*Asks:* 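Structure provided below as structure tokens; questions to follow.
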There are 2 protein chains.
Amino acid sequence: MRLSKRERQKKLKLALEAEPFLTDEEMARRYGVSIQTIRLDRMELGIPELRGRMKHMAERNFDHVRSLYPEEVIGQVTELKLDQSGVSKLEIREEHVFARNRIARGHHLFAQANSLAVAVVDAELVLTATASIRFVRPVRLGEICVAKAHVTHVTPRRTQVDVRTFVEDETVFQGIFDVYRSKEDQ
Amino acid sequence: MRLSKRERQKKLKLALEAEPFLTDEEMARRYGVSIQTIRLDRMELGIPELRGRMKHMAERNFDHVRSLYPEEVIGQVTELKLDQSGVSKLEIREEHVFARNRIARGHHLFAQANSLAVAVVDAELVLTATASIRFVRPVRLGEICVAKAHVTHVTPRRTQVDVRTFVEDETVFQGIFDVYRSKEDQ
DNA sequence: TACTGATTTAGTACTTGGTACTAAAACGTG
DNA sequence: CACGTTTTAGTACCAAGTACTAAATCAGTA
């Protein structure tokens with residue numbers, strides 16, 4: 001047995017997210033198991049057959065063309081005082097959550113905080129160097145995250161930005177970003 | 001002859017633009033002709049079969065949306081040992097970088113590492129609690145990031161996962177993820 | 001009216017990527 | 001060793017076709 005059942009199923013699931021057009025045959029070949037095993041796996045995982053997956057994707061494309069562009073700042077910036085502070089708002093939508101439990105994936109909260117931290121720093125080139133973060137409580141579909149950033153420390157090449165994200169009055173995320181910058185005021 | 005051949009074919013073409021998911025059978029029924037006639041029509045018009053049309057739409061949708069849409073794991077998982085280790089690969093494309101300097105936005109590297117950390121943990125519910133991260137050097141457009149995750153510590157409700165991301169042999173990102181889990185082995 | 005070419009229909013064999021089901025084998029662990 | 005789990009094998013069947021052959025029908029005309 002090269003892979004345990006659980007591992008194979010997890011990989012299978014992950015592989016299909018990246019490449020939804022794999023046939024059972026191809027997957028069987030990849031994992032060195034029989035086609036029946038793959039089918040049992042799909043059944044257990046509730047993954048539909050190739051044609052079902054294609055149809056679903058085609059339909060989604062057909063009835064509403066996606067318009068999710070990569071934004072400069074994740075979320076909407078509502079306040080901004082360069083080198084001082086900033087606020088951004090992000091509504092947790094379908095595309096931000098795990099399908100299973102409708103809890104927001106951590107990296108979206110991180111992205112909101114990180115891009116805000118970078119946005120408040122006024123320099124030509126701004127890059128995050130290190131960060132220490134805490135996901136205080138899970139955020140659910142529909143909740144609105146308000147991230148508040150404050151610059152706390154400035155050295156010649158670094159700026160420290162503290163970000164705290166709230167849902168209503170509750171802190172849900174907290175992060176300290178150490179941001180590198182260069183060519184300031186050019 | 002209720003409709004001339006030309007008229008039928010013209011209608012058919014228009015109908016398929018509005019409703020691409022029609023089967024030959026349904027179209028035959030609609031126009032009161034045999035299924036073979038519809039097939040001849042499609043051939044003359046160069047219209048592919050239903051499955052081909054669906055596949056085409058799904059593919060177009062996939063290419064367009066793939067990077068913006070939530071994948072289970074950001075990047076492609078190449079190795080996975082549950083509760084032990086995992087490896088994922090992510091090519092830095094246009095949509096990952098700042099337009100200005102073509103350097104990858106930090107949150108994409110974070111997302112790759114974070115989602116891999118979550119994927120290696122084998123439990124029903126897995127959420128990142130805290131993380132300490134370091135962006136060791138900027139990553140540029142075209143570079144391929146290989147993230148390697150290792151479970152370093154396990155307690156009843158928490159798993160610590162260390163992730164290091166490389167471009168070639170160079171470390172570009174480093175993170176320690178403290179991951180919360182529940183309903184293990186149920 | 002009979003003929004002719006275009007159009008339509010019928011029917012068969014075969015394809016892909018499956019489902020649904022039964023049954024046998026192999027594995028792995030107390 | 002026995003027993004449950006996991007894997008494999010194999011069959012019948014399905015949708016929605018392709019590819020092909022052949023017959024029937026129609027429409028206009030010689």
Side-chain angles (χ1 to χ4, degrees), chain A residues 1-63, chain B residues 1-63 77 79-84 122-124 183-186:
Chain A
M1 202 193 279
R2 38 200 83 197
L3 278 167
S4 78
K5 191 182 174 185
R6 277 190 85 84
E7 276 174 332
R8 191 189 54 240
Q9 291 193 346
K10 199 147 192 176
K11 278 198 130 187
L12 205 107
K13 207 172 143 190
L14 296 173
L16 281 175
E17 304 276 340
E19 300 171 76
F21 301 113
L22 294 174
T23 62
D24 290 354
E25 199 180 359
E26 171 61 15
M27 294 187 281
R29 202 194 51 70
R30 285 199 190 184
Y31 298 111
V33 295
S34 73
I35 214 167
Q36 283 81 357
T37 300
I38 296 295
R39 285 173 182 165
L40 283 173
D41 286 347
R42 272 200 301 100
M43 261 159 236
E44 286 181 26
L45 295 170
I47 296 171
E49 60 167 312
L50 171 61
R51 282 153 178 162
R53 298 192 306 265
M54 289 198 311
K55 190 178 180 190
H56 183 76
M57 295 184 70
E59 273 167 349
R60 219 174 51 185
N61 181 41
F62 186 62
D63 42 60
Chain B
M1 204 192 281
R2 37 201 81 193
L3 276 167
S4 81
K5 191 183 174 184
R6 281 189 82 85
E7 276 172 328
R8 191 190 52 240
Q9 291 193 347
K10 202 154 192 169
K11 280 196 137 191
L12 207 108
K13 213 173 143 186
L14 294 173
L16 279 176
E17 256 153 65
E19 300 171 76
F21 301 114
L22 294 174
T23 61
D24 289 355
E25 200 178 0
E26 171 62 14
M27 294 187 283
R29 203 194 51 72
R30 284 198 190 184
Y31 298 110
V33 294
S34 74
I35 214 168
Q36 282 81 357
T37 301
I38 295 294
R39 284 173 184 165
L40 283 172
D41 285 346
R42 272 200 301 103
M43 260 161 237
E44 286 181 25
L45 296 169
I47 295 172
E49 60 167 312
L50 171 61
R51 284 150 176 167
R53 300 193 303 269
M54 289 198 311
K55 189 179 180 189
H56 184 76
M57 295 183 69
E59 271 167 349
R60 230 177 37 189
N61 183 36
F62 183 64
D63 286 347
V77 177
E79 285 173 46
L80 189 70
K81 276 184 229 156
L82 290 177
D83 289 327
Q84 288 185 52
D122 184 23
E124 271 292 295
K183 280 224 175 188
E184 192 183 20
D185 303 321
Q186 293 290 310

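Naming: A, B, ... by sequence-line order, numbering from 1 per chain. Here the structure is a predicted model, which is why all the values come from computation and not from measurement.
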*Asks:* Is it the case that the side chain of B:R53 and the backbone of B:L22 share a donor-acceptor pair, with hydrogens and angles ignored and the cut-off at 3.5 Å?
*Replies:* yes

*Asks:* As an exercise, state the distance from CG of B:L80 to CG of A:L12, rounded to the nearest 0.5 Å.
*Replies:*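 B:L80 CG to A:L12 CG: 12.0 Å, rounded to 0.5 Å.
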
*Asks:* Between A:R30 and A:E19, does at least one N-O distance fall below 4.0 Å, as a salt bridge requires?
*Replies:* yes

*Asks:* Please report the distance, rounded to the nearest Å, between CD in B:Q9 and C1' in C:dT8.
*Replies:*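 It is 12 Å, rounded to the nearest whole Å.
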
*Asks:* Enter the distance from B:R51:CZ to B:T23:OG1 here, rounded to the nearest 0.5 Å.
*Replies:*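 So the CZ of B:R51 and the OG1 of B:T23 are separated by 10.5 Å.
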
*Asks:* Measure the distance from CD1 on A:I38 to C1' on C:dT19 and round it to the nearest whole Å.
*Replies:*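 Distance check: A:I38 CD1 to C:dT19 C1' gives 16 Å.
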
*Asks:* Should we count NZ of B:K55 as having more than 12 external heavy atoms under 6.0 Å?
*Replies:* no

*Asks:* Using atom types as modelled and distance alone, determine if a side-chain donor or acceptor of B:D83 lies under 3.5 Å from a backbone N or O of B:D122.
*Replies:*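 Side chain of B:D83 to backbone of B:D122: a pair is present.
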
*Asks:* Look at A:E26 together with A:R29 and state whether they make a salt bridge at an N to O cut-off of under 4.0 Å.
*Replies:* yes

*Asks:* Send over the distance from A:E7 CD to D:dT6 P, rounded to a whole Å.
*Replies:*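 Those two atoms, CD and P, are 14 Å apart.
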
*Asks:* Between A:D41 and B:R39, which residue's closest nucleotide on DNA chain D lies nearer the 5′ terminus?
*Replies:* A:D41

*Asks:* Is there a side-chain polar atom (N or O) of B:T37 under 4.0 Å from OP1 or OP2 of C:dT9?
*Replies:* yes

*Asks:* When the distance from CE of A:M54 to P of D:dA16 is rounded to whole Å, what number comes out?
*Replies:*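 Checked: the CE to P distance equals 13 Å.
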
*Asks:* Name the nucleic acid region contacted by B:R53, choosing base, sugar-phosphate or nothing; use a 4.0 angstrom heavy-atom cut-off, strictly under.
*Replies:*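 It contacts nothing in the nucleic acid.
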
*Asks:* Tell me, which of residues 44-52 of chain B have any heavy atom that sits under 4.0 Å from an atom in DNA chain D?
*Replies:*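 Going residue by residue through residues 44-52 of chain B, the ones with a heavy atom under 4.0 Å of DNA chain D turn out to be B:E49, B:L50, B:R51.
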
*Asks:* Any idea which of C:dT9, C:dT19, D:dA9 is nearest the B:V33 side chain?
*Replies:*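 Among C:dT9, C:dT19, D:dA9, the one nearest the side chain of B:V33 is C:dT9.
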
*Asks:* When all nucleic acid strands are considered with a 4.0 Å heavy-atom cut-off, which category describes B:I35: base, sugar-phosphate, or nothing?
*Replies:* nothing

*Asks:* Does any residue of residues 19-28 of chain A have a heavy atom under 4.0 Å from DNA chain C, and if so, which ones, in number order?
*Replies:*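 Correct list: A:T23, A:D24.
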
*Asks:* Between A:K5 and A:E44, does any side-chain N to carboxylate O distance fall below 4.0 Å?
*Replies:*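 A salt bridge links A:K5 with A:E44.
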
*Asks:* Considering every strand and a 4.0 Å limit on heavy-atom distances, what is the contact class for B:R6: base, sugar-phosphate, or nothing?
*Replies:* nothing

*Asks:* Using whole Å, what does the distance between atom P of nucleotide C:dG18 and atom CD of A:Q36 come to?
*Replies:* 12 Å

*Asks:* Could you state the atom-to-atom distance from CE of A:M43 to C1' of D:dT6 in whole Å?
*Replies:* 15 Å

*Asks:* Can you tell me the distance, in whole Å, between the NZ atom of B:K5 and the P atom of D:dC26?
*Replies:* 17 Å

*Asks:* Taking the basic N atoms (NZ, or NE/NH1/NH2) and the acidic carboxylate oxygens, is any pair closer than 4.0 Å for B:E79 and A:K11?
*Replies:* no

